[in-house]
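The structure presented is a predicted model; accordingly, all values stated were derived computationally and were not measured. Because only heavy atoms are used, hydrogens play no part in the values below, and waters and symmetry mates are left out as well, while side chains stay in.
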Amino acid sequence: MNLPPKSDRKGIKRIFAVGSGKGGVGKSSITSLLAVAAARQGKRAGILDADITGPSIPTFFGLSSFPFGNEEGIEPLKTAAGIRVISMNLLLDDPAKPVVWRGPLLGNAVSQFFTDVKWGDLDVLFIDLPPGTGDAVLTAMQTIPMDGFLLVTSPQELASLVVRKAARMAEMLDIPLVGVVENMSAYVCPDCGKRLELFGKSHSAELTRDLGVSFWGSLPLDPDMAQMGDLGKMEEYGNREVFSILGKGIEKFL
């Protein structure tokens, strides 16, 4: 496959895509928490929200200001912990306004979010990919010098099947798979402590075995995570189990 040249790294040490191929598995939540985990380790982190038509990263951090720029490029917004963020929702006068663009425009926007933004000297940039394997995902993988792809799945067999498509796409484009995170694995009853597998039995063991990648761990279905995201306070989320899993994964690759 003849690929276009990759963009310059722009002083960013490590760049990782976070995706699944499937919507609804919580990849944006995981991307946000990865950046928070990295920041808590003292890393300079950033998030490029490549989901142009369904952006959610600014909401998780309570960001709503319009990013300004000059001849040097666009200045990303910063969260309370200093995580640098760029997203289409930050460029709209109404965050509820739909972005009705055809594929090539979506791809161009993703590319410009990387090349035209003043990211600065980051230790790690996480790219929140949209669902599917369309133009926006393809452009990101073809033009951004990624160091790896973290797959996010959920327990259902259907999710595992779709995630395999994203994994195959990454392999076709010579992007290493760095691991798999299973989200919403189970709900733990706060009263009795019983673990309820609301989405059925996990298929992540078979997935990671077939792909030959490491399994980072299973994250719980936690209402507190959703609440913190809705309130724009993802940086205040405090589930130790979640940050232990994500933190250990980050340490392997940074």
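- Looking only at distances, no side-chain donor or acceptor of E157 sits under 3.5 Å from a matching main-chain atom of H203.
- Looking at Q41, its side chain never comes within 3.5 Å of a backbone N or O of E251 through a donor-acceptor pair.
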Go through D49 and V85 one step at a time and tell me if the side-chain contact (heavy atoms from CB on, under 4.5 Å) criterion holds.
-> CA-CA 8 Å; D49 189 351; V85 176; 5.7 Å; no
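- In this structure, I12 CD1 and L48 CG are separated by 8.5 Å, a value rounded to the nearest 0.5 Å.
- Proximity of M146 to F16: side-chain heavy atoms (C-beta onward) are nowhere separated by under 4.5 Å.
- In this structure, NZ in K248 is found 9.0 Å from NZ in K252, a value given to the nearest 0.5 Å.
- Tested against T153 for a side chain to side chain contact (heavy atoms under 4.5 Å, CB included), the candidates V181, T208, L207 yield a single pass: L207.
- Of the possible polar contacts, one joining the S20 side chain to the K22 backbone as a donor-acceptor pair under 3.5 Å is found.
- Looking only at side-chain heavy atoms (C-beta outward), F126 and I15 stay at 4.5 Å or farther from each other.
- Contact of the I52 side chain with the L105 side chain is not registered, since no non-hydrogen atoms from C-beta on lie closer than 4.5 Å.
- Side-chain contact between P155 and K201 is absent, with no heavy-atom pair separated by less than 4.5 Å.
- Both L211 and L129 sit in one connected hydrophobic cluster of ILVMFWY residues. Membership requires side-chain heavy atoms under 4.5 Å apart, directly or through other members.
- No continuous path of ILVMFWY side-chain contacts below 4.5 Å connects L63 to I74, so the two sit in separate hydrophobic clusters.
- The cluster map of Ile, Leu, Val, Met, Phe, Trp and Tyr, joined by side-chain heavy atoms under 4.5 Å apart, puts I175 and V163 in the same cluster.
- Under the 4.5 Å side-chain criterion, counting only non-hydrogen atoms from C-beta, L138 is in contact with M169.
- Residues L177 and E171 form a side-chain contact, since some pair of their non-hydrogen atoms from C-beta on lies under 4.5 Å apart.
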List the steps, then state whether side-chain contact (heavy atoms from CB on, under 4.5 Å) holds for I83 with I47.
-> CA-CA 7 Å; I83 299 169; I47 301 176; 4.1 Å; yes
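- Taking Ile, Leu, Val, Met, Phe, Trp and Tyr as hydrophobic and joining them when side-chain heavy atoms fall under 4.5 Å apart, one finds L158 in a cluster with V162.
- Residues E197 and S185 bring no donor and acceptor atom of their side chains to less than 3.5 Å of each other.
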Dump the intermediate steps for side-chain contact (heavy atoms from CB on, under 4.5 Å) on R209 and F215, then the final yes or no.
-> CA-CA 9 Å; R209 183 192 64 235; F215 183 54; over 6 Å; no
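- Follow the hydrophobic side-chain contacts under 4.5 Å out from V36 and you reach L34 in the same cluster.
- Relative ring orientation between F243 and Y237 is described as tilted, the plane-to-plane angle lying within the 30° to 60° band.
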Apply side-chain contact (heavy atoms from CB on, under 4.5 Å) to K194 and V188, showing your working.
-> CA-CA 6 Å; K194 184 176 181 180; V188 179; over 6 Å; no
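- Taking CG of N239 as the start and CG of D224 as the end, the distance is 8.0 Å to the nearest 0.5 Å.
- Hydrophobic clustering, defined by side-chain heavy atoms of Ile, Leu, Val, Met, Phe, Trp and Tyr closer than 4.5 Å, leaves F68 isolated from every other such residue.
- Using a 4.5 Å heavy-atom cutoff, the side chains of M228 and F60 are not in contact.
- Residues F66 and L91 have side chains in contact (heavy-atom distance under 4.5 Å, counting atoms from C-beta outward).
- Under the 4.0 Å criterion applied to side-chain N and carboxylate O atoms, D147 and R9 are assigned as salt-bridge partners.
- When only modelled atom types and interatomic distance are considered, S154 and N183 share no side-chain donor-acceptor pair under 3.5 Å.
- Panel note: side chain W216, backbone V178; a donor-acceptor pair is recorded below 3.5 Å.
- Side-chain N or O atoms of K10 include one that pairs as donor or acceptor with a backbone N or O of V117 at under 3.5 Å.
- Applying the side-chain contact (heavy atoms from CB on, under 4.5 Å) test to E75 and every residue at least two apart in sequence or in another chain returns K118.
- Going from atom CG of L90 over to atom CD1 of I57 covers 10.5 Å, rounded to the nearest 0.5 Å.
- A salt bridge links D51 and K27; the closest N-O separation between the charged side-chain nitrogens and carboxylate oxygens is under 4.0 Å.
- Annotation: the span from Q142 atom CD to S111 atom OG amounts to 10.5 Å, rounded to 0.5 Å.
- For the residue pair E206 and S160, no side-chain donor N or O sits within less than 3.5 Å of a side-chain acceptor on the partner.
- Residue I245 holds its CD1 atom at 14.5 Å from CZ of R240, rounded to the nearest 0.5 Å.
- D123 pairs with exactly one of R14, K43, R44 by the side chain to side chain donor-acceptor pair (under 3.5 Å) rule, that one being R44.
- In summary, the side chains of Y187 and D222 do not present any donor paired with an acceptor at a separation below 3.5 Å, with no hydrogens or angles considered.
- Side-chain heavy atoms closer than 4.5 Å link hydrophobic residues (I, L, V, M, F, W, Y) into clusters, and following such links, possibly through other members, connects V137 to V180.
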